[in-house]
Amino acid sequence: MLMSPVCVIAKKEIQDSLRNRWVLFISLIFLILSLSVTFAGSAVAGHLALPELNALISSLSTISVFIIPLAAMLVSYDAFVGEDESGTLLLLLSYPITRLQILLGKLLGHSVIMSVTIGFAFGLTGLLLLAFGDYDAAKLLNQFGQFIISSVLLAVAFILFGYIVSLKSAEKAKAVASVLFVWFVFVLIYDLLLLTILVADLAFFNQYIINVLIALNPTDLYRAINLIGTDAGKGSLAILSAVAWGKLALYAVMLLWITLLAFIAEQIFKRRAL
C-alpha cells in the first residue's frame, strides 16, 4: 500500500515542491502573517498587547481567507497543464495506472504540502501564545486546532479549483490568468457582495437565504466555521458568527464542496484528450 501509484505520485509532488522551495516559501509567508497579526496587531492602537483569543481567531481567519486560496491554487495550477506541456503527462498515462489514481496522488501530495505549511505556521503561533500568554490552554488548543483543520480544508478545496483550471487550460500562462480570476471571484467579488447584503439588511433576505449564500462559497464557509459561536464579529461579521447551522453542518458542507470539486476534476480529466 505504501508503494501504491497514488503514494508514489504524491511523493513525487512533495519532492518537487521541496526542490523548488515552495514549501519553505509558503511556510514563511504563513508564519510571518500569523506572527504579525498575533504579536503586532495591536500596534495600530498605539500599544503592544496579546489579543483576546476570539478576536485573534477572527483576525487570522479574515486575513487567511485571502492568502490560503491563492497559495493553494499557485501550488496546483500547473499540475496537469505543466506536465502536458513538458510531455510527462503522456508518459505518466502510458503506465498501468488510472487517471483517478493520478488525480488522487497529486491531490494527496499537494494536500500534505499545504497541511504541513499551515500546521507549522499556525501551530507554532499557538504554542508561542501558550508559552508567553495568559490563556486557557484547553480553549486555545481547541480553537487553534479547529482553525488549522478548517484552513487545511479550505486549501484542499482551492487545490481542486486549481486542478480544474489546469485541466481546462491549454497553456500555463492561461492557467495563471484563470486561477487569478477564480480567486478574484470567490475571495473578493462574492465575499464583498455577501458582506454588502448583510450590511444592507434587506427585508427579503432571511437567515435561511443567508445560510445558503454562505454555503455557496468555501471562503464564507471558512469564515463562518471560525466565527460561529464567538462574539468577535463586528457588523456583517457578527451575522456570520450567528449563522443558524452548527459547526458540524458547516464542516459537512465544506467536505461536500471538496467531494464535488474532486468529482468535477475527475470527470474533466477522464474526458481530456491528449
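The first residue of the sequence shown is numbered 1, and numbering continues consecutively from there. Computed from a prediction, not measured in an experiment: that's the story for all the values here.
We find the CG-CG distance between Asp136 and Asn142 to be 10.0 Å, quoted to the nearest 0.5 Å. Of the inter-residue distances, the one linking Thr98 atom OG1 with Leu93 atom CG reads 9.5 Å to the nearest 0.5 angstrom. Atom CD1 of Ile63 sits about 8.0 Å away from atom CD1 of Ile67, to the nearest 0.5 Å. Atoms NZ and CG, from Lys139 and Leu53 in turn, are 6.0 Å apart once rounded to the nearest 0.5 Å. We find the CD1-CG distance between Ile189 and Asn217 to be 11.5 Å, quoted to the nearest 0.5 Å. Rounding to the nearest 0.5 Å gives a distance of 4.5 Å between CG of Leu56 and CG of Leu60.
Hydrophobic clustering (ILVMFWY, side-chain heavy atoms < 4.5 Å, transitive): Leu260 and Val212 are in one cluster. Connection of Phe25 to Phe30 is established within a shared hydrophobic cluster, with ILVMFWY side chains joined at heavy-atom distances below 4.5 Å, either directly or through further cluster members. Linking ILVMFWY side-chain heavy atoms closer than 4.5 Å, directly or via other members, places Val6 and Val156 in two distinct hydrophobic clusters. The hydrophobic cluster containing Ile14 does not contain Ile26, counting ILVMFWY residues as joined when their side-chain heavy atoms lie under 4.5 angstrom apart, directly or transitively. Placement of Phe181 and Ile268 within a single hydrophobic cluster is found when ILVMFWY residues are connected by side-chain heavy-atom separations under 4.5 Å, directly or transitively.
Pairing each heavy atom of Ser178 with each of Val165, the nearest pair is CB-CG1, 3.4 Å. In terms of heavy-atom proximity, Leu227 sits nearest to Ser58 at CD2-OG, 3.4 Å. Closest approach of Thr62 and Val65 over heavy atoms only: O-CG1, 3.1 Å. Across Thr125 and Ala121, no two heavy atoms sit closer than the pair OG1-O, 2.9 Å. Ala155 and Ile118 get closest at one heavy-atom pair: CB-CD1, 4.0 Å.
Panel note: side chain Arg272, backbone Leu167; a donor-acceptor pair is recorded below 3.5 Å. Distance alone, capped at 3.5 Å, places no donor-acceptor pair between the Thr88 side chain and the Asp84 backbone. Between the Tyr190 side chain and the Leu213 main chain, a donor and an acceptor come within less than 3.5 Å of each other. With hydrogens and angles disregarded, no donor-acceptor distance shorter than 3.5 Å links the side chain of Glu13 to the backbone of Ala10. A donor-acceptor pair under 3.5 Å links the side-chain atoms of Ser36 to the main chain of Ile32, judged by distance alone. Put simply, the side chain of Gln146 never gets that close to the backbone of Asn226: no donor and acceptor are under 3.5 Å apart. No side-chain donor-acceptor contact under 3.5 Å links Ser34 to the backbone of Leu31. Lys106 contributes a side-chain N or O that, together with a main-chain N or O of Ala79, makes up a donor-acceptor pair within less than 3.5 Å. Using a distance-only test at 3.5 Å, with no hydrogens or angles considered, no donor-acceptor pair links the side chain of Thr117 to the main chain of Ser27. Under the 3.5 Å distance criterion, the side-chain polar atoms of Asp78 are left unmatched by any main-chain donor or acceptor of Val81.
In this structure, the side chains of Glu266 and Arg99 stay at 4.5 Å or more apart for every pair of heavy atoms. Counting only heavy atoms from C-beta outward, the side chains of Leu35 and Leu124 never approach each other to under 4.5 Å. Inter-residue side-chain proximity for Tyr77 and Ser166 is flagged as unmet; no heavy-atom pair is nearer than 4.5 Å. At least one side-chain heavy atom of Ile68 sits less than 4.5 Å from a side-chain heavy atom of Tyr222. Looking only at side-chain heavy atoms (C-beta outward), Leu154 and Leu221 stay at 4.5 Å or farther from each other. A heavy-atom distance below 4.5 Å is found between the side chains of Asp220 and Arg223. A heavy-atom distance below 4.5 Å is found between the side chains of Met114 and Ile159. The shortest side-chain heavy-atom distance between Ile97 and Ile9 falls under the 4.5 Å cut-off.
For the pair Lys168 and Tyr163, the cation-pi test (distance below 6.0 Å, angle within 45°) is failed.
Screening Val187, Leu188, Ile214 for a side chain to side chain contact (heavy atoms under 4.5 Å, CB included) involving Thr219 leaves a single residue, Val187.
Legend: residues meeting salt bridge (charged side-chain N to carboxylate O under 4.0 Å, His left out) with Arg271, ordered by chain and number and at least two apart, are absent.
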Exercise for the section: Given side chain to side chain contact (heavy atoms under 4.5 Å, CB included), test Leu160 with Ile258 step by step and report yes or no. Expected result: CA-CA 7 Å; Leu160 288 165; Ile258 292 172; 3.8 Å; yes

Exercise for the section: Evaluate ring-ring contact (aromatic ring centres under 6.0 Å, His included) for Phe144 paired with Phe122, printing each intermediate quantity in order. Expected result: CA-CA 7 Å; Phe144 262 85; Phe122 297 124; 7.6 Å; no

Exercise for the section: Evaluate side chain to side chain contact (heavy atoms under 4.5 Å, CB included) for Leu153 paired with Ile225, printing each intermediate quantity in order. Expected result: CA-CA 11 Å; Leu153 291 177; Ile225 287 171; 5.8 Å; no

Handout entry: Steps toward side chain to side chain contact (heavy atoms under 4.5 Å, CB included) verdict (Leu100, Phe269)
Key = CA-CA 8 Å; Leu100 179 60; Phe269 193 20; over 6 Å; no

Exercise for the section: Tell me, with the steps shown, if Leu107 and Leu103 meet side chain to side chain contact (heavy atoms under 4.5 Å, CB included). Expected result: CA-CA 6 Å; Leu107 179 61; Leu103 178 68; 5.5 Å; no

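By the 30° and 60° cut-offs, the orientation of the rings of Phe186 relative to Phe158 is perpendicular. Using cut-offs of 30° and 60° for the angle between ring planes, the Trp257 and Phe161 rings count as tilted.
Atom CG of Leu248 has 12 or fewer neighbouring heavy atoms from other residues, nucleotides or ligands inside a 6.0 Å radius.
Here Glu83 pairs with Lys12 in a salt bridge; the nearest charged N to carboxylate O distance falls below 4.0 Å.
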